[in-house]
Every structure is written in C-alpha cells, then in structure tokens.
Number of protein chains: 2
Amino acid sequence: MDSTERLKEKGIRPSHQRIRIYETLASTKAHPSAEAIYKELSEELPTLSRTTVYSTLDLFAEKGLAQRLALSGSELRYDADISRHVHFRCRGCGSVSDLAAVRAPAPPEAQEGYVVESSQFYAEGLCPACSSRLDP
Amino acid sequence: MDSTERLKEKGIRPSHQRIRIYETLASTKAHPSAEAIYKELSEELPTLSRTTVYSTLDLFAEKGLAQRLALSGSELRYDADISRHVHFRCRGCGSVSDLAAVRAPAPPEAQEGYVVESSQFYAEGLCPACSSRLDP
DNA sequence: GAATATATTGTACTTATTACAATCCCGTAT
DNA sequence: ATACGGGATTGTAATAAGTACAATATATTC
C-alpha cells in the first residue's frame, strides 16, 4: 500500500507535504526529530515550513500513523513503525535505535478510572560504537 | 535513614541545598519538574538558583538517587522512588502518577555490544479526574 | 589559617516547540 | 469553468526548558 492510501486510511488528507513527510519518516530507522525531517526535506521542498513538519508529525501521532518517542534527549523523536518494540537511546552519540531482540511489554491495563491510550518502553546507555569508544 | 545519609551513601556531598532538594522531591508523589522544585523551595531559600536545582537533580539521576522521567510532556520530571514502577502521564491535566497495580517490566538485557544503563516504562492517557470530565 | 577543591549563583544563551495571522490550495456547488 | 469555503501551509514572533559560563561563596585538607 502506498503512502497516500495509508494517510487516507487514517483520515488524514494526503497533501503533498504530508505524503513526503510520511515517506521520509517511513524510509529510515533513525527515529528522526521534527528538525531532522525538516532538514532532510528542505532541499526538495524549499518552501516547507518547520511549523508544517511539527504539526504534521503531531497529527500522525494523534491518528496512530506514527509513534512519538519521548526520550531523555531534548527533542521528541518519531517512528513510522507502530509495532510494539523497545527503543534505545545512546547517551554517547544521541542516536536512537530499536532493541530488536527485546520483547516489548504489553500496554498496561488501566487501573480504576484511568484510560490508557499509549505506552512506551525504552532503555538508555551506550550503543556498540560508543561503548567501544568510551569504555575500554 | 535521613536524607544526609542517603546523599553520602551515594557519594554526594550533602550541602544544605542538596538536602532540601532531595527532601522536597522525596516528600511528594507528584513527580515534579526542576521548575516545580525550584518554585517550591524559593520561599524557604530565596537565593536558590535554578541552575542549582537543574544540576542537582541531574546529579541525583546520575548517582542513582532519583529517576529522571522523560515523558511526552515538555519537561523532564523526577522521582525519588527508584523502585521499578510504571508511570502514567495524563494528557488532560499533565499530571504524572504511578500505576501501582501494573507490574513494571524488568530492564532489558543488552543486545550484542549495547550497554543498558536504565530503562523506563510509561503510559499516557486520561487520569480518573480528566476522564470523567472529558469523556462522558 | 592558607590553599585548594567543590558548590552555588546569576546572567546570557541555545534549542525545541507553540501561537498566530496571513496566504495558499483543493474540492465542491453553482 | 469559476467562485466559495475550509482545511493546510507558511513565516514570524514568542515561550519555555535547559545549558554554558564566569564570578562568588562555601567547605575540606594540609
């Protein structure tokens, strides 16, 4: 299924900007921030505005087309892979990757009165490159 | 054990500011931000600086005296309860609470080359007050 | 008690994000 | 086809969280 269909399916009007933002997000495993996506697309779409990128990613997260990742780094990161998986943030280089070998916990059941809408499991530490660079 | 001992135990010099910041953090279940702690202590310690609060909380997190919580809200929150438990952020009022009934997952085992130093599991949605206010 | 190290303060700055008003663009009804 | 209306996009300005840094104060060691 192409990106246009994906957006429609989630009730999002598939404008050119939205399609390109989605495709950019979906084509990487780097878990980019809004700024990273903005930079990536700036050449191709010189009039693209930061505000559009921010609000579009926000919309994707609302509509369940992407995950919003709040990690200890400063900026929010996004992931077009909405399957349940564990994220890892390296405090050495700031990169965010998937811990594919780790089974992600199921979303918690709500306690009395709580409505759970999403959940996240993530770890922090050193990635292979940084641990060999900093540790030994 | 008193706060002074706790700080010493973790290799933190127990200055007056640090002790009061720790006690403030330990006396609440609200998971306050640096700013919230700063405001709370400002009356009592009029010369207290934001920078001190930020760097002290950072130090606590480094030394394992507190958990740093990165949630989808804008600011980092802190928790003096370092036991493994699940956090919940309400998108209605922004409050952060513990989901006591939910068993927190164990820290993930590192994949080849990764060094896992900490991990977090959290959920988002509506707290009891907001869900009855917004939903029905 | 002097010398040294560590902690705190205050200010300035950076960076991420949001607010908002103006403009643009697309789909539909005339 | 063309005009209308609403959502989408843009650009600028503002806010808010966090960090850098140099000066000062406080504590610790000799």
Side-chain angles (χ1 to χ4, degrees), chain A residues 3-4 7-8 10-24 31-63 65-66 68-78 89 91 94 96 124, chain B residues 3-4 7-8 10-25 31-63 65-66 68-78 89 91 94 96:
Chain A
S3 305
T4 304
L7 299 196
K8 279 191 196 163
K10 299 281 186 178
I12 298 172
R13 207 153 93 180
S15 72
H16 184 51
Q17 285 89 333
R18 286 171 173 178
I19 291 167
R20 294 300 297 125
I21 290 170
Y22 181 72
E23 288 177 346
T24 303
H31 309 83
S33 63
E35 181 67 19
I37 289 181
Y38 171 73
K39 283 206 183 109
E40 170 98 22
L41 283 173
S42 280
E43 284 186 38
E44 175 190 334
L45 303 172
T47 73
L48 180 66
S49 150
R50 265 188 189 81
T51 305
T52 301
V53 178
Y54 276 95
S55 69
T56 299
L57 290 171
D58 206 55
L59 181 69
F60 288 175
E62 291 313 310
K63 300 285 188 175
L65 198 65
R68 178 193 282 119
L69 310 180
L71 307 161
S72 284
S74 31
E75 359 91 312
L76 292 173
R77 305 283 207 119
Y78 292 85
R89 177 176 186 278
R91 70 167 164 82
V96 177
E124 300 192 89
Chain B
S3 305
T4 304
L7 298 196
K8 280 191 195 165
K10 298 284 185 176
I12 298 171
R13 211 153 90 179
S15 72
H16 183 51
Q17 286 89 334
R18 286 171 174 178
I19 291 167
R20 294 299 298 125
I21 290 169
Y22 181 72
E23 288 176 346
T24 303
L25 181 61
H31 309 82
S33 63
E35 182 66 21
I37 289 181
Y38 171 73
K39 283 205 183 110
E40 170 97 23
L41 282 174
S42 280
E43 284 186 39
E44 174 190 335
L45 304 171
T47 73
L48 180 67
S49 150
R50 266 188 186 80
T51 305
T52 301
V53 178
Y54 275 96
S55 69
T56 299
L57 291 170
D58 206 54
L59 182 69
F60 288 175
E62 290 313 310
K63 301 284 188 177
L65 198 64
R68 179 193 283 120
L69 310 179
L71 307 161
S72 283
S74 31
E75 358 91 311
L76 292 173
R77 305 282 206 119
Y78 291 85
R89 178 175 185 278
R91 71 167 163 83
V96 177

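In what follows, chains are A, B, ... by sequence order, proteins preceding strands, each numbered from 1. Values reported hereafter were calculated over all heavy atoms of this structure, with side chains retained and with hydrogens, waters and symmetry mates removed.
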Whole angstrom value for the distance that separates [atom2] of [N] from [atom1] of [X]:
X: B:R77; N: D:dG18; atom1: CZ; atom2: C1'; result: 16 Å
X: B:E75; N: D:dT15; atom1: CD; atom2: C1'; result: 13 Å
X: B:L71; N: D:dA17; atom1: CG; atom2: P; result: 14 Å
X: A:K63; N: D:dG7; atom1: NZ; atom2: C1'; result: 13 Å
X: B:L76; N: C:dA16; atom1: CG; atom2: P; result: 14 Å
X: B:R68; N: D:dG18; atom1: CZ; atom2: C1'; result: 11 Å
X: A:E35; N: C:dT14; atom1: CD; atom2: P; result: 15 Å
X: B:H16; N: C:dT8; atom1: NE2; atom2: C1'; result: 13 Å

**Message:** Between B:H31 and B:V96 (side chain of the first, backbone of the second, donor and acceptor by atom type, cut-off under 3.5 Å), is there such a pair?
**Reply:** yes
In chain order, what residues pass the salt bridge (charged side-chain N to carboxylate O under 4.0 Å, His left out) check against [X], with sequence neighbours excluded?
X: A:K8; value: A:E5
X: B:R77; value: B:E75
X: B:E43; value: none

**Request:** With rounding to the nearest 0.5 Å, note down the distance linking CG in A:L69 to OG in B:S72.
**Result:**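 Rounded to the nearest 0.5 Å, the CG-OG separation comes to 8.5 Å.
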**Message:** Hydrogens and angles aside, do B:E40 and B:T24 bring a side-chain donor and acceptor to less than 3.5 Å of each other?
**Reply:**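 No, B:T24 and B:E40 have no side-chain donor paired with an acceptor closer than 3.5 Å.
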**Message:** Please tell me if A:Q17 has a side-chain N or O lying less than 4.0 Å from either OP1 or OP2 of C:dC25.
**Reply:** no
**Request:** Ignoring backbone atoms, establish whether A:S15 has a side-chain N or O less than 4.0 Å from OP1 or OP2 of D:dT9.
**Result:**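 Yes.
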**Item:** Note, A:I12 side chain near A:Y22 side chain (heavy atom, < 4.5 Å)
**Value:** no
Donor-acceptor pairs are to be reported for all side-chain atoms of residues 45-54 of chain A against protein atoms at under 3.5 Å, with residues two or more places apart or in another chain.
residue	atom	partner	partner atom	Å
A:S49	OG	A:T51	N	3.0
A:R50	NE	A:E35	OE1	2.8
A:R50	NH2	A:E35	OE2	2.9

Is there any protein nitrogen or oxygen under 3.5 Å from a nitrogen or oxygen in nucleotides 23-30 of chain D, and what are the pairs?
none

**Asked** Any ion pair linking A:E124 and A:R89 (charged N to carboxylate O, less than 4.0 Å)?
**Response** yes
**Message:** Can you pull out the residues from residues 36-58 of chain B that lie within a 4.0 Å heavy-atom distance of DNA chain D?
**Reply:** B:T51, B:Y54
